[in-house]
Amino acid sequence: MKGWKRTKIKDLLANGQAGTDIQVQGWVRTRRGNKNVSFIALNDGSTIHNIQVVVDLATMGEEILKDITTGACIGVCGQLVESPGSGQRVEVQARSIEVFGTADPNTYPLQKKGHSMEFLREIAHLRPRTNTFGAVLRIRHAMAFALHKFYNDKGFVYLHTPLITASDAEGAGAMFQVTTLDVANPPRTEEGTVDYAQDFFGKHASLTVSGQLEGELGALALSEIYTFGPTFRAENSNTPRHLAEFWMNEPEMAFYDITDNMDLAEEFLKYLVRYALDNCMDDLRFLNDMFDKELLGRLQFVLDNDFKRLTYTEAIDILLAANQKWEFPVKWGVDLQSEHERYLVEKHFKRPVILTDYPKEIKAFYMKLNDDGKTVRAMDVLFPQIGEIIGGSQREEDYNKLLSRIHELGIPEKDVWWYLETRKFGSAPHSGFGLGFERLLLFVTGMSNIRDVIPFPRTPKNCEF
Ligand code: 4AD
Ligand code: MG
């Protein structure tokens, strides 16, 4: 095979010319045939589709087949020929086959089709080889690429915010501690508490729950920035929509008010969905046909409809008037639960919803206070099947108002002095939001559990791979 160049299966299927000599490499999905000829379905992850490799046993010998079982990795040299069978334009007439790695049929876990998603989570090291995870991972890549393209085309700067932080002011969730102290025997202060002054950073440190506060520092210099990276929350919430390690995208824009912020969020989500429909159709169609016959319709629906915008207070009135039994009772002031969000989106408005102006008590300290003194300029974007996909707000740019909120909430000033200084020196109106990347992927792929849209999920008691 030396001197032969490998072609990806995706390219062969799309552009390969019958009559040319080619080489393909990949993993065997299935093998079938009779005593004269064998057909191998080969996949290299470049596409959901397999290429058919035809092995003429009279010339190639039967010996070769012994190691070519489901899961084995092989390289094939041969000629691309027009396929007489239906379902594919071209196939490979094999001349020589090299086996790179066998997969014992008695022990290979993906020998048979139709495994449950739960079982596949237990073999996360192998599940990328299934059609479903191949499709999900290619779509995940496409969405990450589209995200960067969207912001780059608008002139936003990609800002890398730290994963290790000494600030826990955001209050977005419980934090994972980062320490090099001996946890069995940490140094103590005279009062008996752990002496973090002796820790690696000289203070207590954690994994970040959000890059927003640092993102704001960037926006107040570069005008428009975005972050995109892993985010960590140690809540013990074992739900189909929560991960302990998830990817968040946070744009932050100077000179944007809450309406600009909502416009950007809506344009952004529609851009991503449109990008998926334009570029991932093979994979989307597979997921639509296999799991969720309404997936493609739902994606198109989001493109075709304006998101409904209303205030939290208006939403509470709708929920109170609804003829519905709630697990979590509704009244003004409570945080909305998934059941409430999904009622608004799926039953009442039947379209994505943006809720604004939440009570300040249930939102973060940095959100801009409305003139009523009770609500803040928050905005949550709610999606069908998902609930909250984006959370954001206009930020409080007034130094004194921000400081009094910080005092009210008992946030130590020494933890946020740097954040406060941006309001002291050249403060500007600004806004931003956070998109849960896996929540987006739940929507775009139609998968029902967030563990199935990230390669290696981190959830309570789950950190194997
Ligand atoms: O609403 P959240 O907590 O907002 C923030 O962190 C702000 N700092 C964002 C900003 O204004 N820059 O989180 C933002 C989004 C949520 O809407 C949700 O989609 C997702 O992050 N998210 C999670 N996704 C998966 N697992 C979790 N545990 C998540 N927690 C939040
Ligand atoms: Mg939120």
Side-chain angles (χ1 to χ4, degrees), residues 140 143 147 151 156 159 161 165 167-176 207-219 224-253 256 258 261-262 264-265 268-269 272 312 335-338 340-341 345 352-356 358-359 362-368 376-383 385-396 419 430-444 447 449-454 457-460 462:
R140 188 178 167 103
M143 290 296 89
L147 180 155
Y151 291 118
F156 283 50
L159 187 76
T161 49
T165 175
S167 140
D168 59 4
E170 162 101 26
M175 301 180 91
F176 290 101
L207 294 178
T208 188
V209 294
S210 156
Q212 178 196 322
L213 301 192
E214 293 90 350
E216 284 185 52
L217 312 181
E224 287 126 336
I225 64 94
Y226 68 104
T227 72
F228 183 43
T231 313
F232 307 88
R233 296 193 184 175
E235 296 116 311
N236 215 344
S237 38
N238 239 323
T239 81
R241 279 180 272 281
H242 287 87
L243 290 165
E245 176 180 297
F246 65 101
W247 281 62
M248 184 154 48
N249 159 238
E250 296 181 275
E252 189 72 32
M253 299 77 62
Y256 273 50
I258 182 100
N261 204 23
M262 286 192 278
L264 184 77
F268 176 50
L269 289 168
L272 293 173
Y312 166 93
D335 210 352
L336 296 185
Q337 303 294 324
S338 184
H340 311 129
E341 297 175 339
V345 173
V353 166
I354 310 183
L355 288 188
T356 59
Y358 284 71
I362 57 172
K363 290 294 183 187
F365 76 94
Y366 50 71
M367 296 193 182
K368 187 174 172 67
V376 287
R377 237 163 261 184
M379 54 160 244
D380 278 8
V381 182
L382 315 179
F383 254 41
Q385 322 271 89
I386 312 295
E388 180 189 336
I389 194 166
I390 277 179
S393 73
Q394 185 166 342
R395 319 305 189 189
E396 184 58 80
Y419 186 75
H430 62 289
S431 300
F433 62 78
L435 166 76
F437 190 58
E438 287 76 20
R439 301 247 177 119
L440 168 81
L441 285 166
L442 280 176
F443 181 72
V444 172
M447 293 283 107
N449 193 307
I450 200 162
R451 293 164 179 78
D452 301 329
V453 294
I454 187 165
R458 296 286 175 264
T459 51
N462 180 9

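Whatever order the structure lists ligands and atoms in, that order sets their numbers, starting from 1.
- Of all protein heavy atoms, the one lying nearest to atom 18 (C) of ligand 1 is Arg439 NH1, 3.5 Å.
- In this structure, the protein non-hydrogen atom closest to atom 20 (C) of ligand 1 is Gly436 CA, 3.5 Å.
- Proximity to Arg241 (heavy-atom distance under 4.0 Å) selects the following atoms of ligand 1: 25 (C), 26 (N).
- The nearest heavy-atom contact from the protein to atom 15 (C) of ligand 1 is Gly434 O, 3.6 Å.
- Closest to atom 10 (C) of ligand 1 among all protein heavy atoms lies Gln212 OE1, 3.2 Å.
- Side-chain contact check for Glu341 and Gln337: no donor-acceptor pair (N or O, by modelled atom type) lies under 3.5 Å.
- If you number the atoms of ligand 1 from 1 as listed, the ones under 4.0 Å from a heavy atom of Ile389 come out as 17 (O), 19 (O).
- Here the Mg ion (ligand 2) has protein N, O or S atoms under 2.8 Å from it, and they come to 1.
- When only interatomic distances are considered, the shortest N/O to N/O separation between Ser210 and ligand 1 falls below 3.5 Å.
- Annotation: the span from Leu147 atom CG to Phe228 atom CZ amounts to 5.0 Å, rounded to 0.5 Å.
- Among protein heavy atoms, atom 5 (C) of ligand 1 sits closest to Glu170 OE2, 3.7 Å.
- Contact analysis leaves Asp380 out of contact with ligand 1, as no non-hydrogen atom separation drops below 4.0 angstrom.
- Under 3.5 Å, the side chains of Tyr366 and Gln212 contain a donor-acceptor pair of N or O atoms.
- Close contacts of ligand 1 with Gly392, meaning ligand atoms under 4.0 Å from a residue heavy atom, involve 11 (O).
- In this structure, Arg395 counts as a contact residue of ligand 1, since one of its heavy atoms falls inside 4.0 Å of the ligand.
- In this structure, Arg241 does not pair ionically with Glu388, as no charged nitrogen and carboxylate oxygen lie closer than 4.0 Å.
- Under 4.0 angstrom from ligand 1, the non-hydrogen atoms of Glu388 come from both its backbone and its side chain.
- In this structure, atom 31 (C) of ligand 1 lies nearest to the protein heavy atom Arg233 NH1, 3.4 Å.
- Scanning the protein heavy atoms around atom 12 (N) of ligand 1, the nearest turns out to be Glu250 OE2, 2.7 Å.
- For Ser431 (side chain) and Tyr256 (main-chain N/O), a donor-acceptor pair under 3.5 Å exists by modelled atom type.
- Summarising the contacts of atom 23 (C) of ligand 1 with Phe246, Trp247, Tyr226, the nearest heavy atom is found in Phe246.
- Of the possible donor and acceptor atoms, none in the side chain of Thr161 sits under 3.5 Å from a partner among the backbone N and O of Glu214.
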Show your working on ring-ring contact (aromatic ring centres under 6.0 Å, His included) between Tyr226 and Phe268 and close with a plain yes or no.
-> CA-CA 12 Å; Tyr226 68 104; Phe268 176 50; 8.9 Å; no
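- With a 4.5 Å cut-off on side-chain heavy atoms, Ile354 and Leu382 do not count as touching.
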Might you work through the side-chain contact (heavy atoms from CB on, under 4.5 Å) test for Gln394 and Asn261, ending with a clear yes or no?
-> CA-CA 8 Å; Gln394 185 166 342; Asn261 204 23; 5.9 Å; no
Intermediate values then yes/no, side-chain contact (heavy atoms from CB on, under 4.5 Å), Met262 and Thr356 = CA-CA 9 Å; Met262 286 192 278; Thr356 59; 3.6 Å; yes
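- Scanning all protein heavy atoms for the shortest distance to atom 28 (N) of ligand 1 gives Leu243 O, 3.0 Å.
- In summary, Asp380 and Lys363 engage in a salt bridge, as defined by a charged side-chain N under 4.0 Å from a carboxylate O.
- Separation of atoms CG (Leu441) and CD1 (Ile450) is listed at 9.0 Å; rounding is to 0.5 Å.
- Near Ile450, with a cut-off below 4.0 Å to any heavy atom, the atoms of ligand 1 are 25 (C).
- Counting only distance, with no hydrogens or angles, the side chain of Glu250 and the backbone of Gly211 share a donor-acceptor pair below 3.5 Å.
- The shortest heavy-atom distance from Glu252 to ligand 1 is not under 4.0 Å.
- Atom numbering of ligand 1 starts at 1 in the shown order; those under 4.0 Å from a heavy atom of Tyr366 are 7 (C), 8 (N).
- When heavy-atom distances to ligand 1 are checked against a 4.0 Å cut-off, Thr231 has no atom that comes that close, whether in backbone or side chain.
- In the model, Glu235 has no side-chain atom that pairs as donor or acceptor with a side-chain atom of His242 under 3.5 Å.
- Side-chain N or O atoms of Arg233 include none that pairs as donor or acceptor with a backbone N or O of Leu243 at under 3.5 Å.
- Contact check on Arg377 versus Glu396 returns no salt bridge, with no Lys/Arg side-chain nitrogen under 4.0 Å from an Asp/Glu carboxylate oxygen.
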